[in-house]
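On a predicted model such as this, the values are computed, not experimentally measured, just so you know.
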Amino acid sequence: MARAAAAYYAGRDPFGARGDFTTAPEISQAFGECLGLWAAVLWQSMGRPAPVLLAEAGPGRGTLMADALRAIGQVMPGFRAALRVHLVEQSPALRAAQARALEAPLAGAAATWHDDLSTLPDGPLLLLGNEFLDALPVRQFVRRGAGWAERHVLAGAFTERPAGPVAGLELPDSAPEGAVQEVSEAARGLVARLAARLAAQGGAALFLDYGPAASGLGDSLQALIGHRAADPLGPPGSADITAHVDFAALARAARAAGAAVHGPVPQGLFLQSLGLVTRAAMLARAAPASAGHQLSAAQRLIAPEGMGRLFKALAICHPDLPPPPGFEAA
C-alpha cells in the first residue's frame, strides 16, 4: 500500500473533477479559512510565540494553506508575521502545484518542504492534516478458526499467512470467522512521535479524515479511479488507495506519548462551531452569481449524508492548552 501510494502521487495531480477524488479544501474556500483561524486561536492560547511553525501534512494542491494564510492575514496579522510555513509532501508534481498556489499568499516569503514530519525544525508547531492519515498503510488480520491470519499480497492477489504478534495490538478471541481487524502502525507511530514533540515543545495538531469514532472490526481498504470504486490490487500506482482511520487507536497513542487529545468529533459539528456556514453565507452575498455553489458546498461538508458524519476531527495538543475551538463540548 505504501509503495502504491508513492507511485500514485509521484507524477500526478489527482484532485478535482478531472482527477480521482475531491477533498474539502477544493469544495469550499471557507474550509481552509476556518482552519487557518483555528490555528490563529491556538497561537493565542500558546502565548503568541514568534516564530512559530505552521505546517501541513499532505497539502494537496496547496489550496488549504493558501486559503488559511489569506484569512490569517486579514484577521490576525500578528500571527501572519510570526508564522513560518512548512509543507510535508513527497510528490514533485504536487510540490510544484503547492508552490504556484502559495506564491501570492506568501508574498515573497519562503515555504519549506519536507519528505516527512521528522525533519520539521524544532519549536512551537501548529500542524494541519486533512485526509492525510487515511493514505498511510494498514495491515489486515483475518479470523481463521481459533486463530488469526495476516493478509499479504502476492502476484496481484491476497494471500494469507499465520499472524505473528503485533506490538500494542490484541486480536480479540471473540471475533467471528472471517472477521477483519485493520491496524495502521504507520499512523500510530506518526501520531505518537508528533504527540511527544507537542508535549515537549508546545503546539497542537488538527487532523480531519474519515473513519469511525470507536475502534472495531471491518475491511475498509478501498480504491478510487475517476471518482469511482476500483480494485485496490490493480496495477500499483493506478488508483488512490486508502483505509478508514482508527481515531480511537490514534487517540490512545497520543495520550500515551504525553499529549492531550480532544475528539474525535463529527466534521459537520466541528465546522459549524468554527462558523463555516456563516462564512459561506458571506461568500454567497459577496458573489451572488456563485451563491448556490457556495451554499451547496458548505452543506456537502457539514451534512450528515455528505461528509459531516463519516469525517471526524481530532486535535492533539500540549497538555497545558485549553480545549481548542470546536472541541469545547467534546
Visitor: Do any N or O atoms from the side chain of Gln222 and from the backbone of Thr242 form a donor-acceptor pair under 3.5 angstrom?
Guide: no
Visitor: Can you find a pair of side-chain heavy atoms, one from Arg193 and one from Ser118, that are under 4.5 Å apart?
Guide: no
Visitor: Given Glu177 and Arg144, is the salt bridge (charged side-chain N to carboxylate O under 4.0 Å, His left out) satisfied, shown in steps?
Guide: CA-CA 6 Å; Glu177 175 70 19; Arg144 295 300 184 206; 3.6 Å; yes
Visitor: Working to the nearest 0.5 angstrom, can you tell me the gap between Gln272 CD and Gln267 CD?
Guide: 10.5 Å
Visitor: Could you grab the distance from atom CD of Glu131 to atom OG1 of Thr23, nearest 0.5 Å is fine?
Guide: 6.0 Å
Visitor: Is there a chain of hydrophobic side chains (I, L, V, M, F, W, Y, each step under 4.5 Å between heavy atoms) that links Leu35 to Leu127?
Guide: no
Visitor: Apply the test side chain to side chain contact (heavy atoms under 4.5 Å, CB included) to residues Leu120 and Arg197: give CA-CA distance (whole Å), side-chain angles for both, the deciding distance (0.1 Å), then the verdict.
Guide: CA-CA 11 Å; Leu120 289 173; Arg197 177 206 165 110; 3.9 Å; yes
Visitor: In Å, rounded to the nearest 0.5 Å, how long is the span from CZ of Arg143 to CD of Gln181?
Guide: 11.5 Å
Visitor: Which atoms form the tightest heavy-atom contact between Pro319 and Ala199, and what is the distance?
Guide: CD-CA, 4.2 Å
Visitor: Answer yes or no: is there a donor N or O on one side and an acceptor on the other, between the side chain of Ser184 and the main chain of Pro137, under 3.5 Å?
Guide: yes
Visitor: Checking the side chain of Gln201 only, and the main-chain atoms of Gly123 only, is there a donor and an acceptor separated by less than 3.5 Å?
Guide: yes
Visitor: Treating Ile, Leu, Val, Met, Phe, Trp and Tyr as nodes and any side-chain heavy-atom pair under 4.5 angstrom as an edge, say whether Leu190 and Leu198 lie in one connected cluster.
Guide: yes
Visitor: Tell me whether the count of non-hydrogen atoms from other residues, nucleotides or ligands lying under 6.0 Å of CD in Glu103 goes above 12.
Guide: no
Visitor: Roughly how far, to the nearest 0.5 Å, is the CG atom of Leu53 from the CZ atom of Arg84?
Guide: 9.0 Å
Visitor: Which heavy atom of Ala298 sits nearest to which heavy atom of Ala280, and what is that distance?
Guide: CB-CB, 3.7 Å
Visitor: For a 4.5 angstrom cut-off between non-hydrogen side-chain atoms, does Gln98 reach Pro59?
Guide: yes
Visitor: Quick one: CG on Leu206 to CG on Leu42, what's the gap to the nearest 0.5 Å?
Guide: 8.5 Å
Visitor: Check whether any side-chain N or O of Asp209 sits under 3.5 Å from a backbone N or O of Asp134 as a donor-acceptor pair, and report yes or no.
Guide: yes
Visitor: So which atom in Pro232 and which in Ile241 form the shortest heavy-atom distance, rounded to 0.1 Å?
Guide: O-CD1, 3.4 Å
Visitor: Taking it one step at a time, do Val153 and Met1 satisfy side chain to side chain contact (heavy atoms under 4.5 Å, CB included)?
Guide: CA-CA 10 Å; Val153 178; Met1 185 176 174; over 6 Å; no
Visitor: According to a hydrophobic-cluster definition based on side-chain heavy atoms being under 4.5 Å apart (Ile, Leu, Val, Met, Phe, Trp, Tyr only), do Phe207 and Leu321 belong together?
Guide: no
Visitor: Strictly distance-based, threshold 3.5 Å: is any side-chain N or O of Ser28 a donor or acceptor partner for the main-chain N or O of Ala24?
Guide: no
Visitor: Just by modelled atom types, is the Gly326 backbone N or O under 3.5 Å from a matching donor or acceptor in the Glu328 side chain?
Guide: yes
Visitor: Are Leu87 and Arg95 packed together at the side-chain level, in the sense that at least one heavy-atom pair is separated by less than 4.5 angstrom?
Guide: no
Visitor: Is Leu69 close to Met65 at the side-chain level, that is, under 4.5 Å between some pair of heavy atoms?
Guide: yes
Visitor: Would the Phe79 and Trp43 ring centres measure less than 6.0 Å apart?
Guide: yes
Visitor: Would you name the heavy atoms of Met46 and Gly202 that are closest together and state the gap between them?
Guide: CE-C, 4.4 Å
Visitor: Of all residues at least two apart in sequence or in a different chain, which pass the salt bridge (Lys or Arg N to Asp or Glu O under 4.0 Å) check with Arg151?
Guide: Asp219
Visitor: Within the 4.5 Å heavy-atom criterion, are Pro172 and Trp148 side-chain neighbours or not?
Guide: yes
Visitor: Between Pro121 and His114, is there a side-chain heavy-atom distance shorter than 4.5 Å?
Guide: yes
Visitor: Report the C-alpha separation of Glu150 and Arg139 in whole Å, then their side-chain angles, then the decisive distance to 0.1 Å, and conclude whether the side chain to side chain contact (heavy atoms under 4.5 Å, CB included) test is met.
Guide: CA-CA 8 Å; Glu150 182 172 5; Arg139 297 171 69 179; 2.7 Å; yes
Visitor: Taking Trp113 for the side chain and Glu89 for the main chain, is one N or O donor matched with an acceptor at less than 3.5 Å?
Guide: no
Visitor: First locate atom CG of Leu154, then atom CZ of Arg161, and finally report the distance between them rounded to the nearest 0.5 Å.
Guide: 7.0 Å
Visitor: Would you name the heavy atoms of Ser215 and Asp246 that are closest together and state the gap between them?
Guide: OG-OD1, 2.7 Å
Visitor: Measuring only between side-chain heavy atoms, which start at C-beta, is Arg188 closer than 4.5 Å to Val183?
Guide: yes
Visitor: Where the side chain of His262 meets the backbone of Ala315, is there a donor-acceptor pair that is under 3.5 Å apart?
Guide: no
Visitor: Honestly curious: do Ile316 and Leu54 fall in one hydrophobic cluster under the side-chain, below-4.5 Å linking rule?
Guide: no
Visitor: According to the salt bridge (Lys or Arg N to Asp or Glu O under 4.0 Å) rule, which pairs have a member within residues 266-282, sequence neighbours left out?
Guide: Glu33-Arg279
Visitor: With under 30° as parallel and over 60° as perpendicular, where do the rings of Phe270 and Phe327 fit, or are they tilted in between?
Guide: tilted
Visitor: Give the C-alpha distance, both sets of side-chain angles, the deciding distance and a yes or no for side chain to side chain contact (heavy atoms under 4.5 Å, CB included) between Val261 and Arg252.
Guide: CA-CA 9 Å; Val261 178; Arg252 291 192 295 269; over 6 Å; no
Visitor: Identify the heavy atoms of Ala175 and Ala179 that sit nearest to each other, and give their distance.
Guide: CB-CB, 4.1 Å
Visitor: Does the Thr63 side chain pair with the main chain of Glu26, one donor and one acceptor, at a distance under 3.5 Å?
Guide: no
Visitor: Linking I/L/V/M/F/W/Y whenever their side-chain heavy atoms sit closer than 4.5 Å, directly or via other members, would Val138 and Leu250 fall into one cluster?
Guide: no
Visitor: Side-chain contact, heavy-atom cut-off 4.5 Å: Phe311 with Leu271?
Guide: no
Visitor: Under a 3.5 Å distance rule, please check whether Arg80 uses its side chain to pair with a backbone N or O of Arg70 as donor and acceptor.
Guide: no
